[in-house]
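To keep things clear, I will list the structure first and then write my remarks on it.
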There are 2 protein chains.
Amino acid sequence: MIISDNLKMYVQKLRSSNLRPTKQRLKICQFLFDRKKTFHFTVETLNKKINKNGAIKISLATIYNTVEAFTSAGYLKEILTSKNKSYYDTNIKSHHHFYDEGSKELTDIHYSQIKLSKVPVPPKGKKIKNLEVVIRIQK
Amino acid sequence: MIISDNLKMYVQKLRSSNLRPTKQRLKICQFLFDRKKTFHFTVETLNKKINKNGAIKISLATIYNTVEAFTSAGYLKEILTSKNKSYYDTNIKSHHHFYDEGSKELTDIHYSQIKLSKVPVPPKGKKIKNLEVVIRIQK
DNA sequence: TTTCTAGTTTAGAATTATTATAAACTATAT
DNA sequence: ATATAGTTTATAATAATTCTAAACTAGAAA
Ligand SMILES: [Mn+2]
Ligand SMILES: [Mn+2]
Ligand SMILES: [Zn+2]
Ligand SMILES: [Zn+2]
């Protein structure tokens with residue numbers, strides 16, 4: 001895959017979500033999705049890496065806006081785990097996580113690696129939005 | 001059970017955790033534990049209710065300090081669920097929760113109501129600290 | 001191609017939850 | 001009673017995030 005091909009792909013992807021393909025969004029797309037493996041990040045880490053040595057600087061506000069827009073559009077998944085910071089995942093398939101309380105890092109657990117053989121019925125009028133398990137680990 | 005009996009009990013409980021039985025801590029103990037059912041709260045809701053119409057006002061800083069001290073002492077459990085706010089639980093037994101994204105309220109799920117028939121081994125050198133499930137629900 | 005406009009980016013201010021600071025207060029050991 | 005370590009408190013500081021409003025830009029329409 002050549003980068004210019006991916007760029008076209010991102011332009012389409014963004015347009016299909018009613019998001020204009022700005023250079024900021026495309027740069028963030030490339031950073032997030034031009035790779036073989038999915039990964040986890042926070043706005044803080046993304047901001048640092050995006051603005052390390054690139055040509056254009058992207059403001060923190062735009063990083064926030066874009067991560068939020070990409071999450072709404074379904075390109076990213078938010079992982080609720082820590083009380084202070086939001087984590088995001090480029091792996092949008094349903095799956096579980098280890099959360100290391102020491103290093104504050106997430107590791108994927110494939111969906112099939114956890115079997116819930118008994119799950120309670122939600123209260124009337126409510127339905128289950130998400131059943132992904134976060135297993136907290138430490139040394 | 002008479003309140004004065006519970007008060008003595010709280011004094012002992014606090015002393016046994018090397019916490020001086022101040023009038024602030026005792027008032028918070030009474031508010032949290034003088035009831036038949038356990039419940040969930042945030043510092044914000046606790047602060048409002050504690051300082052509604054009581055004789056002594058307790059500062060927000062003391063509410064934070066006390067909730068932290070009680071959690072360390074094992075009188076309370078912290079439930080990590082939302083990205084913005086810490087939730088606490090007077091039910092310190094291991095159990096699971098529904099978290100309603102609309103009302104932002106927690107509901108207990110008895111430990112036996114969820115069966116995990118397959119759980120992955122944690123990475124080497126790490127052990128599982130906590131395996132309580134939060135099921136996110138919505139309308 | 002120029003013009004227009006809604007959408008986007010940005011710096012900086014505001015907000016929210018929480019933690020830190022340091023002075024005044026108090027439980028309790030001596 | 002006194003001393004002292006622990007506690008409370010108002011207030012400041014911090015951290016993550018959201019808001020604001022002005023400047024900028026993609027892309028539709030003229
Ligand atoms: Mn926040
Ligand atoms: Mn915070
Ligand atoms: Zn993941
Ligand atoms: Zn509970």
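So that the names make sense, note that chain A is the first sequence line, chain B the second, and so on, each numbered from 1.
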Without decimals, in angstroms, what is the distance between [X] [atom1] and [N] [atom2]?
{"X": "A:Asn65", "N": "D:dC24", "atom1": "CG", "atom2": "P", "answer": "18 Å"}
{"X": "A:Ile63", "N": "C:dT10", "atom1": "CD1", "atom2": "P", "answer": "9 Å"}
{"X": "A:Lys23", "N": "C:dT9", "atom1": "NZ", "atom2": "P", "answer": "9 Å"}
{"X": "A:Gln24", "N": "D:dC24", "atom1": "CD", "atom2": "C1'", "answer": "10 Å"}
{"X": "A:Tyr64", "N": "C:dG12", "atom1": "OH", "atom2": "P", "answer": "17 Å"}
{"X": "A:Ile28", "N": "C:dT9", "atom1": "CD1", "atom2": "P", "answer": "8 Å"}
{"X": "A:Phe70", "N": "C:dT8", "atom1": "CZ", "atom2": "P", "answer": "11 Å"}
{"X": "B:Leu60", "N": "C:dT18", "atom1": "CG", "atom2": "P", "answer": "9 Å"}

**OP:** Is it possible for you to say whether B:Ile114 and A:Ile114 belong to one hydrophobic cluster, with membership spreading through side-chain heavy-atom contacts below 4.5 Å?
**Re:**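 Yes, it is one cluster - the side chains of B:Ile114 and A:Ile114 are joined through contacts under 4.5 Å.
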**OP:** Kindly work out whether a path of hydrophobic side-chain contacts (I/L/V/M/F/W/Y, heavy atoms less than 4.5 Å apart) joins B:Phe98 to A:Leu80.
**Re:**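 Each belongs to a different hydrophobic cluster.
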Looking at [options], which one has an atom nearest to any side-chain atom of [X]?
{"X": "B:Ser86", "options": "C:dT18, D:dA26, D:dA5", "value": "C:dT18"}
{"X": "B:Ser59", "options": "D:dA10, C:dT8, D:dT7", "value": "D:dA10"}
{"X": "A:Glu44", "options": "D:dA16, C:dT10, C:dT28", "value": "D:dA16"}

**OP:** Cation-pi check, B:Lys13 to B:Tyr75: give yes when NZ or CZ is under 6.0 Å from the six-membered ring centre and within 45° of the ring axis, no otherwise.
**Re:**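 Flagged: B:Lys13 positioned over aromatic ring of B:Tyr75.
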Original post:
Quick one: do the B:Asn91 and B:His40 side chains pair a donor with an acceptor below 3.5 Å?
Top reply: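 No - no donor-acceptor pair under 3.5 Å links their side chains.
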**OP:** Assign B:Thr22 to base, sugar-phosphate, or nothing according to its heavy-atom contacts below 4.0 angstrom with the strands shown.
**Re:**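 The answer is sugar-phosphate, as B:Thr22 gets under 4.0 Å only of primed atoms, P, OP1 or OP2.
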Original post:
With a non-hydrogen cut-off below 4.0 angstrom, is A:Thr42 in contact with a base, only sugar-phosphate, or nothing?
Top reply: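 If one applies the 4.0 Å heavy-atom cut-off, A:Thr42 turns out to touch nothing in the nucleic acid.
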Original post:
Hey, do the aromatic rings of B:Tyr111 and B:His96 have their centres closer than 6.0 Å?
Top reply: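 When the ring centroids of B:Tyr111 and B:His96 are compared, they turn out to be within the sub-6.0 Å range.
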Original post:
Start at the 5' end of DNA chain C and walk down; is the nucleotide closest to B:Val43 or to B:Arg20 reached first?
Top reply: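 Upstream on the strand: B:Val43.
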Original post:
If you find the nucleotide of DNA chain C closest to A:Asn18 and the one closest to B:Val11, which residue's nucleotide is nearer the 5' end?
Top reply: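 It is A:Asn18 whose nearest nucleotide is closer to the 5' end.
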Original post:
Does a nitrogen or oxygen in the side chain of B:Arg15 sit under 4.0 Å from OP1 or OP2 of C:dA27?
Top reply: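 B:Arg15 to C:dA27 OP1/OP2: no side-chain N or O under 4.0 Å.
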